[in-house]
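Per chain, numbering begins at 1; letters A, B, ... match sequence-line order. The analysis underlying the following values was restricted to heavy atoms, covering all of them including side chains, and did not include hydrogens, waters or symmetry mates. Predicted model only: the values in this text are computed from it and were never measured.
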Amino acid sequence: MKTMTWSKEEFQDAAIHIAPKLLGQYLIHCTKTAEYIGKIVETEAYGGFYKGAADDGSHAFRGRTLRNAPMFEAGGISYVYLIYGMYHCFNVVTSAKDDAQAVLIRAVEPVGGIEAMLHNRRREKMNPAVTNGPGKLCAAMEISRQENGLPLWGDSLYIAGSPYGERFSIGTGPRIHIEYAEKGKFFPWRFFIKGNPFVSKG
DNA sequence: GCCGGGATCGAC
DNA sequence: TCGATCCCGGCA
């Protein structure tokens with residue numbers, strides 16, 4: 001049975017709607033080394049408004065810059081940036097052009113390309129620390145700024161639905177590590193699969 | 001130019 | 001709890 005891959009149209013929606021929908025879906029990255037498959041277990045929405053307040057936790061809050069430019073494109077492309085000089089974070093850009101919104105993928109459960117993921121993370125055995133954080137999953141799945149601004153409806157980096165009708169309950173809460181955002185730090189825009197061991201500690 | 005800081009991680 | 005490490009963005 002073939003999985004359904006997300007089309008460009010499906011990304012033209014608010015990040016707050018897409019963030020929970022991405023849970024249980026597969027993030028797939030095909031490289032020369034491996035075909036990486038991770039089940040998305042934790043996401044965060046960025047951009048837009050919550051009860052009339054703009055999201056001051058979003059990179060796009062102060063307008064367009066060189067770094068956040070992909071967020072201002074039409075939904076369905078990647079937004080990958082370097083953080084703390086060492087790590088990368090992968091986002092799915094959503095909504096219409098010039099409506100800067102994105103979903104940060106915070107954690108995945110390894111499903112395919114596991115040997116390569118372990119190698120990339122310099123681990124001997126699988127455990128949650130291999131992919132239970134945004135920087136960790138990028139390192140594991142070979143996602144860096146080379147993957148910035150790429151279409152997600154192509155065939156090298158894309159989202160696919162689960163062929164199984166998997167049931168799970170969704171937890172929500174405030175987003176991680178944006179204490180500087182006076183309004184946004186209270187938005188309940190973090191989503192995760194309850195009980196999944198690969199959800200980040202936060 | 002210079003300087004402050006970050007949607008993190010892992011060692012101590 | 002704290003340091004690593006570097007690009008960006010704001011300001012001069």
Under-4.0 Å side-chain N/O to phosphate OP1/OP2 contact, [X] with [N]:
| X | N | value |
| --- | --- | --- |
| A:Arg64 | C:dC8 | no |
| A:His177 | B:dG6 | no |
| A:Arg121 | B:dG10 | yes |
| A:Lys136 | B:dG10 | yes |
| A:Arg106 | B:dT8 | yes |

With a non-hydrogen cut-off below 4.0 angstrom, is [X] in contact with a base, only sugar-phosphate, or nothing?
| X | answer |
| --- | --- |
| A:Gly85 | base |
| A:Arg67 | sugar-phosphate |
| A:Arg145 | sugar-phosphate |
| A:Leu104 | base |

Which sits closer to the 5' end of DNA chain C, A:Leu66 or A:Tyr87, going by the nucleotide each is nearest to?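 Whichever sits nearer the 5' end wins; that is A:Tyr87.
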Taking atom [atom2] of [N] as reference, at what distance in whole Å does atom [atom1] of [X] sit?
| X | N | atom1 | atom2 | result |
| --- | --- | --- | --- | --- |
| A:His88 | C:dT5 | NE2 | P | 14 Å |
| A:Tyr81 | B:dT8 | OH | C1' | 9 Å |
| A:Glu42 | B:dA7 | CD | C1' | 11 Å |
| A:Ile83 | B:dG6 | CD1 | C1' | 4 Å |
| A:Phe90 | B:dT8 | CZ | P | 16 Å |
| A:Ile105 | B:dA7 | CD1 | C1' | 12 Å |
| A:Arg62 | B:dG6 | CZ | P | 10 Å |
| A:Ile143 | B:dT8 | CD1 | P | 16 Å |

Over 60° means perpendicular and under 30° means parallel, so tell me whether A:Tyr84 and A:His177 are parallel, tilted or perpendicular.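 Because their plane-to-plane angle is over 60°, the rings of A:Tyr84 and A:His177 count as perpendicular.
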query = Using the ring of each side chain (for Trp, its six-membered ring), is A:Trp6 parallel, tilted or perpendicular to A:Phe11, with breaks at 30° and 60°?
reply =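 Tilted.
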query = Out of B:dT8, C:dG9, C:dA4, which has the shortest distance to the side chain of A:Thr65?
reply =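 Of the options given, the side chain of A:Thr65 lies nearest C:dG9.
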**Item:** Earlier contact from the 5' end, DNA chain B, for A:Tyr180 and A:Arg123
**Value:**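 Going by which nucleotide is closer to the 5' end, it is A:Tyr180.
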Residues [X] and [Y] bridged, charged N to O under 4.0 Å:
| X | Y | answer |
| --- | --- | --- |
| A:Lys32 | A:Glu142 | no |
| A:Glu10 | A:Lys21 | no |
| A:Lys97 | A:Glu73 | yes |

>> Checking base pairs now: Watson-Crick or wobble, both atom distances under 3.5 Å. What partners B:dA7?
In response: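 Result: none.
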Look through every strand shown and name the nucleotide pairing with C:dT5 as Watson-Crick or G-U wobble, where both distances are under 3.5 Å.
->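 Answer to the pairing question: none, since C:dT5 forms no Watson-Crick or G-U pair.
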How close do A:Ala54 and A:Lys183 get, counting heavy atoms only, and between which atoms?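 Distance-wise, the nearest heavy atoms are O-CB, 4.4 Å.
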